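Here the structure is laid out as structure tokens; the discussion comes afterwards.
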Amino acid sequence: MTTPILSALVELAQQESTKVDTGGLRTWILDNVIPLLLLVVALLLLWLGGGKGDNAGVMKRLGGVIVALAIVGLAVTNAGEGIGRWIAGLFTGG
């Protein structure tokens with residue numbers, strides 16, 4: 001039992017010129033979501049620790065944020081393979 005909508009979707013999916021990717025979503029996330037999350041984290045760090053004088057606690061949390069940003073940076077730039085080769089080269093001498 002095939003409906004006209006389902007058959008149209010199947011036909012669209014089988015066309016060679018149809019390219020489905022996540023490039024637009026990736027760009028939108030990098031341009032909008034990441035800066036917004038950084039702003040929220042910065043405000044939370046200032047609000048939670050800065051007002052109480054708990055500078056050591058803020059710095060501990062900031063260290064975690066820096067590690068998380070490094071992981072996001074590796075994922076976004078596709079630099080993981082190059083870094084892996086460099087680390088392997090340290091042990092293999094190549």
Side-chain angles (χ1 to χ4, degrees):
M1 195 161 102
T2 305
T3 64
I5 295 174
L6 184 59
S7 62
L9 286 174
V10 169
E11 184 179 332
L12 179 65
Q14 291 176 348
Q15 291 179 359
E16 290 184 25
S17 63
T18 305
K19 181 181 175 190
V20 179
D21 64 356
T22 58
L25 178 63
R26 180 179 178 269
T27 303
W28 183 83
I29 288 173
L30 288 176
D31 291 344
N32 297 308
V33 176
I34 300 294
L36 183 62
L37 286 175
L38 289 175
L39 178 65
V40 168
V41 167
L43 290 174
L44 282 173
L45 285 174
L46 288 173
W47 180 60
L48 290 175
K52 299 176 190 173
D54 184 20
N55 294 334
V58 171
M59 292 311 291
K60 278 195 269 185
R61 290 183 191 103
L62 186 62
V65 169
I66 290 173
V67 169
L69 285 175
I71 292 170
V72 169
L74 283 173
V76 168
T77 61
N78 295 327
E81 182 182 354
I83 293 173
R85 289 182 191 274
W86 176 74
I87 291 173
L90 292 176
F91 295 106
T92 62

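From a predicted model like this one, the values you see are computed outputs, not experimental measurements. FYI, the numbering just counts along the sequence from 1.
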Do [X] and [Y] belong to the same hydrophobic cluster, where Ile, Leu, Val, Met, Phe, Trp and Tyr are linked whenever their side-chain heavy atoms lie under 4.5 Å apart, directly or via other members?
X: Leu90; Y: Ile83; answer: yes
X: Val41; Y: Leu36; answer: no
X: Ile66; Y: Leu38; answer: yes
X: Leu69; Y: Leu30; answer: yes

Sequence neighbours excluded, the answer for side chain to side chain contact (heavy atoms under 4.5 Å, CB included) partners of Leu43 is Leu39
Ile29: what forms a side chain to side chain contact (heavy atoms under 4.5 Å, CB included) with it, not counting sequence neighbours?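 Ile29 satisfies side chain to side chain contact (heavy atoms under 4.5 Å, CB included) with Leu25, Val33, Ile34 only.
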Checking one residue: Leu9. Which other hydrophobic residues are in its cluster under the side-chain 4.5 Å linking rule?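 Hydrophobic cluster check, Leu9: joined to Ile5.
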If you measure from CG on Leu37 to CG on Asn32, what distance do you get to the nearest 0.5 Å?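 Reported value, rounded in 0.5 Å steps: 11.0 Å.
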